[in-house]
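Report on the following structure.
Below, chain A is the first sequence line, B the second, and so on; all start at residue 1.
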Amino acid sequence: MSQSNTALNIAEYWQPLCSRNDLVANSGVVALVEGQQVALFYLPDTEEEVFAIGNRDPKSGANVIGRGIVGQMGGDLVIASPLYKQHFRLSDGSCVEYPEQQLQVWPARLCGDRVEIRL
Amino acid sequence: MNTTVASTPDKQRLIVVGNGMVGHHCIEQLLANGALEQYRIDVFGEEAQRAYDRVHLSEYFGGRDAESLAMSAASLYDAEGLTLHLSAQVLEIDRAKREVITAKGRFGYDKLVLATGSYPFVPPIEGAEGKSRLVYRTLDDLDAIRAAAKGKRRGVVVGGGLLGLEAANALKSLGLEAHVVEFAPRLMPVQLDDFGGAALKKRIEDLGVGVHLSKATQSITAGEDYRYRMNFAGEDFLETDLIVFSAGIRPQDALARACGLELGPRGGININDQCLTSDEHIYAIGECAAWNGGIFGLVAPGYQMARLVAAELCGLEGSPFLGADMSTKLKLLGVDVGSIGDAHGAMPGAKSYRYIDEATASYRRLVVSADGKQVLGAVLVGDNSYYDTLLQYAQNGIELPADPASLILPAGEGAPALGADALPATATICSCHNVSKASICEAIDGGCTDLAGIKSCTKAATGCGGCAALLKQVFEHELTARGVAVDKSLCEHFAYTRQELYHFVRVEGIESFEELLAKHGKGHVGCDICKPAVGSILASCWNKPIMDPSLVPLQDTNDTFMANMQKNGTYSVVPRIPGGEITPEGLIAIGQVAKKYDLYTKITGGQRIDLFGAQLHELPDIWGELIAAGFETGHAYGKSTRTVKSCVGSTWCRYGVQDSVKMALDIEHRYKGLRSPHKLKFAVSGCTRECAEAQSKDIGVIATENGWNLYVCGNGGMRPRHAELFATDLDDATLIRYIDRLLMFYIRTADKLQRTSVWRESLEGGLDYLKDVIIHDSLGLAAELEAQMQLVVDRYECEWANALSDPEKLKRFRTFVNEHGGDPDIHFVKERGQRRPARSGELHLIPLTEEAH
């Protein structure tokens with residue numbers, strides 16, 4: 001835990017997770033960051049390119065969000081949980097169908113070939 | 001005894017005796033008319049339950065409880081000024097004092113409505129008592145039948161009418177061998193003619209129910225093999241454990257008789273066109289009432305009377321009761337039976353058209369007027385899909401088409417369906433609640449835009465439900481007529497159906513989701529609805545491996561990782577075991593893999609083995625070992641060919657007439673890997689005993705002495721459907737050719753996630769149309785369909801073998817991109833010698849180190 005406290009104290013601390021080559025275009029992979037599971041979605045055609053969102057599906061309690069299907073609902077980019085198919089917005093982690101379900105999101109970026117998120 | 005005085009003196013006192021379906025409907029109508037502003041209402045019901053649905057009584061044995069059969073929420077009777085007295089028999093009516101007398105006291109009335117219904121008639125037969133004298137009318141009666149049936153083998157119903165057959169169904173669902181004994185020479189003598197009765201008898205006997213006609217029971221004595229023996233006129237007898245009498249109903253007119261009300265010639269309380277009895281303060285409605293000397297033993301006329309009386313009592317104008325249409329449409333023991341108007345052609349000059357199909361025991365009779373212009377009546381056995389149209393012709397006096405026979409000929413021959421637009425505004429759509437086409441249009445104009453809304457607003461199709469299909473048709477037609485598009489879009493990205501998208505893909509040679517989205521869709525991402533649907537279309541058309549990089553983002557996780565995700569995020573793995581045939585070496589290999597990876601193992605319904613609890617990173621290793629042992633993927637994760645179940649057939653079985661295992665293997669190897677709108681299940685049985693249950697499959701094949709019978713579009717699951725016989729005595733090559741064509745035609749034309757069963761039901765023209773297309777090549781498509789299937793067959797490869805040979809693809813099978821090993825949050829516990837996912841309450845029992853490796 002001490003490491004993460006240190007990290008939090010440093011503004012603009014970007015943690016490298018993996019390389020661009022580890023990502024799958026228009027789909028997701030999962031990284032483990034200090035005990036937390038972060039789902040990374042790589043959407044090359046968007047401005048953000050990479051999105052980082054919590055991997056634990058609040059409804060099932062299983063770590064499966066990274067294996068869902070990316071889509072668009074209304075104007076929002078969303079990820080559909082593979083188990084019960086509810087949708088979470090990639091922008092803020094809010095759930096389209098059930099407001100009480102909320103996923104954590106992290107700012108994410110590609111830095112050259114490195115995939116980084118801000119903790 | 002005290003007389004209960006109304007608490008609010010300025011209100012009149014209204015009493016309703018009887019809380020059956022009709023009495024209840026009267027209360028509902030009274031409340032709707034605002035009756036509580038001028039009346040204090042007391043309702044007396046003899047039974048312990050408030051009004052319940054007697055029409056669906058037999059469902060009580062099919063798992064429905066008393067409460068779910070109730071006609072309304074209990075709260076309906078909580079209204080201020082309305083009191084429901086249950087288990088409260090009215091003993092007497094004192095017309096002079098205007099009081100009804102119950103065990104609890106006297107209740108005064110200003111107006112009285114009798115809705116006492118009817119009781120089952122039991123002919124006087126010597127020895128009929130206790131379990132040999134059961135009846136079928138109330139929930140209490142059903143409880144008595146259930147108690148009598150416990151541990152027994154056989155039950156008999158006396159009476160082959162509508163209620164008798166319902167009762168036989170009830171006995172059947174209690175697990176008894178059911179028999180029906182009828183005095184008349186045919187079943188349902190009132191509604192059916194001889195041909196109709198014969199067709200119904202054949203169908204019911206095929207269901208395993210014994211039918212005994214022209215039998216008059218003389219006495220009931222002790223039996224030898226069963227408890228009772230029913231002795232018929234002559235030497236005949238039938239033994240049974242219990243006897244249910246359902247030989248007709250009699251109006252419950254005892255109260256009226258005792259207080260001197262005028263009765264009809266054959267019983268029943270005499271009423272005029274306003275449903276008033278001979279006492280101007282007393283009305284009678286439903287089966288206890290006799291209008292013009294006749295009793296109406298159906299719920300719709302009872303409702304009609306209830307509406308009229310409720311209107312009269314509230315000073316509104318009700319339409320007078322001038323008799324009722326006794327047309328009826330039923331499903332008895334699962335058999336469609338319909339009877340309309342003058343079913344027997346009794347009117348002078350009436351002429352009949354008859355369609356008799358002895359092969360399937362179907363019968364239809366159309367009775368037309370002397371001038372051949374009007375429908376007078378009809379009889380239907382076996383298929384009620386003709387009923388709605390015929391009823392509308394009969395009720396609304398619509399002029400017959402030039403060839404009236406076309407109305408009862410099989411639909412494949414182009415029967416001119418009476419479209420919703422042909423119905424006049426006055427046409428009754430729902431006769432239970434008297435809803436006309438005009439009131440449905442009114443509701444639509446009032447802002448109702450969905451079917452559920454129409455139902456709750458007009459109550460149409462909420463009575464017997466028989467008009468549901470017609471209601472939907474009228475509703476959709478009227479919406480379209482108002483320029484409201486009935487939305488059939490796949491999702492917000494594609495304003496097309498799956499069929500239309502399939503067409504674009506094929507005709508324009510589109511090979512990627514992006515291309516299809518750019519040309520025919522909106523946005524540039526898609527969603528979890530359209531992506532898998534398009535992915536499946538692309539795979540069906542071009543059969544590229546689903547691990548192709550352009551396809552990966554389209555797949556559901558199960559297709560992406562070629563395994564079935566379970567509730568805790570682990571996967572199950574199903575190797576293909578064609579035809580369910582497996583060598584000992586194969587079994588051992590699967591066992592070894594399961595043991596090594598500690599997988600929970602279960603035999604599936606499709607004759608294969610499912611291995612549960614594998615984590616993402618373990619899948620390639622597991623498949624590496626399975627493939628090395630000679631297995632290939634079972635596609636359990638895909639909307640694709642699943643299994644071909646088989647029995648051992650002529651190889652081992654003394655009854656087998658063909659080699660069903662060989663055929664199952666051929667079929668499974670041909671269609672494995674085929675992607676389709678939904679999963680596909682097959683089975684091959686080696687003889688007519690049908691041990692492989694082929695008639696519950698999408699494609700079922702049953703061996704005959706001369707070849708194979710092909711059954712299509714069956715379904716197990718939530719909404720089971722028997723497969724239909726499609727072609728008989730086929731040789732091997734023809735069988736495969738028909739299956740090729742049928743499956744490809746399904747893939748081309750079905751909707752997203754539509755099983756073959758639903759697809760088949762949605763085909764206009766039904767089974768005959770499908771036969772025309774597949775067997776007679778009426779669309780000239782056969783060669784193309786076969787070629788397309790051959791392309792898919794030729795391109796087959798095991799997706800797992802393909803993935804294992806490609807390091808780029810294997811990259812995906814990592815739980816974490818930056819760590820080795822599995823998900824630390826997945827925990828198992830042991831149960832019955834195998835592991836299963838831990839429940840949340842069990843997590844504290846698990847040492848944290850367990851998964852560290």
Side-chain angles (χ1 to χ4, degrees), chain A residues 15-46 55-57 59-88 90 96 114-115 117, chain B residues 491-493 513-514 517 521-533 535 547 549-561 563-571 615-617 808-809 811-827 837-840 843:
Chain A
Q15 161 110 31
L17 297 181
C18 59
S19 75
R20 185 198 293 258
N21 195 34
D22 289 314
L23 301 176
V24 180
N26 298 310
S27 187
V29 297
V30 179
L32 193 60
V33 189
E34 291 162 23
Q36 289 216 64
Q37 299 194 12
V38 180
L40 297 169
F41 291 95
Y42 179 35
L43 307 178
D45 295 336
T46 64
N55 190 39
R56 185 176 180 277
D57 171 16
K59 183 158 169 65
S60 63
N63 297 313
V64 296
I65 296 296
R67 289 174 259 165
I69 297 180
V70 180
Q72 195 161 32
M73 284 180 87
D76 297 326
L77 286 169
V78 295
I79 174 71
S81 166
L83 280 168
Y84 297 104
K85 319 292 182 198
Q86 78 276 37
H87 302 85
F88 298 92
L90 288 177
V96 175
R114 260 195 343 265
V115 182
I117 66 168
Chain B
C491 66
E492 64 181 87
H493 306 105
F513 177 77
E514 287 71 22
L517 188 65
K522 295 188 203 83
H524 53 270
V525 179
C527 68
D528 59 316
I529 305 293
C530 58
K531 283 167 138 187
M547 288 294 286
S550 67
L551 292 181
V552 161
L554 306 182
Q555 315 288 357
D556 198 42
T557 181
N558 288 353
D559 264 322
T560 306
F561 297 104
N564 292 45
M565 184 185 274
Q566 302 298 337
K567 61 190 281 187
N568 64 346
T570 64
Y571 290 90
Q615 289 208 44
L616 198 52
H617 66 283
E808 214 23 56
K809 289 174 182 167
K811 222 175 61 179
R812 298 220 63 199
F813 291 89
R814 292 185 289 177
T815 302
F816 302 114
V817 287
N818 58 349
E819 295 270 346
H820 289 294
D823 182 344
D825 294 341
I826 290 175
H827 302 287
R839 300 183 186 113
S840 54
L843 287 178

Rounded to the nearest 0.5 Å, how far apart are [atom1] of [X] and [atom2] of [Y]?
| X | Y | atom1 | atom2 | result |
| --- | --- | --- | --- | --- |
| A/Leu17 | B/Glu819 | CG | CD | 10.5 Å |
| A/Cys18 | B/Arg814 | SG | CZ | 8.0 Å |
| A/Leu83 | B/Lys567 | CG | NZ | 10.0 Å |
| B/Glu514 | A/Asn26 | CD | CG | 6.5 Å |

Would you check, one step at a time, whether the test side-chain contact (heavy atoms from CB on, under 4.5 Å) holds for B/Thr815 with A/Gln37? CA-CA 10 Å; B/Thr815 302; A/Gln37 299 194 12; 5.7 Å; no
Leading residue by heavy atom contact count with chain B [cutoff under 4.5 Å; candidates [options]]:
| options | answer |
| --- | --- |
| A/Asn21, A/Leu32, A/Asp22 | A/Leu32 |
| A/Val38, A/Asn55, A/Val70 | A/Val70 |
| A/Val115, A/Asn63, A/Val64 | A/Asn63 |

Heavy-atom check, side chain of [X] versus side chain of [Y], under 4.5 Å:
| X | Y | answer |
| --- | --- | --- |
| A/Val29 | B/Lys811 | no |
| A/His87 | B/Asp528 | yes |
| B/Thr560 | A/Ser27 | no |

Would you call A/Arg56 and B/Asp825 a salt bridge, taking side-chain N to carboxylate O under 4.0 Å as the test? no
Distance-only, no hydrogens or angles: does the B/Glu492 side chain make a donor-acceptor pair with backbone N or O of A/Gly74 under 3.5 Å? yes
Got a donor-acceptor contact below 3.5 angstrom from the B/His493 side chain to the A/Gln72 backbone? yes
Closest non-hydrogen atom pair, B/Pro532 against A/Ile69: CG-CD1, 3.7 Å
When every non-hydrogen atom of A/Ala62 is compared with those of B/Gly569, the smallest separation belongs to CB-N, 3.9 Å
At a heavy-atom separation under 4.5 Å, does A/Asp57 approach chain B through its side chain, its backbone, both, or neither? neither
Which atoms of A/Leu23 come close to chain B, meaning under 4.5 Å heavy atom to heavy atom: side chain ones, backbone ones, both, or neither? backbone
Contact part of B/Leu616 toward chain A, heavy-atom cut-off under 4.5 Å: side chain, backbone, both or neither? side chain
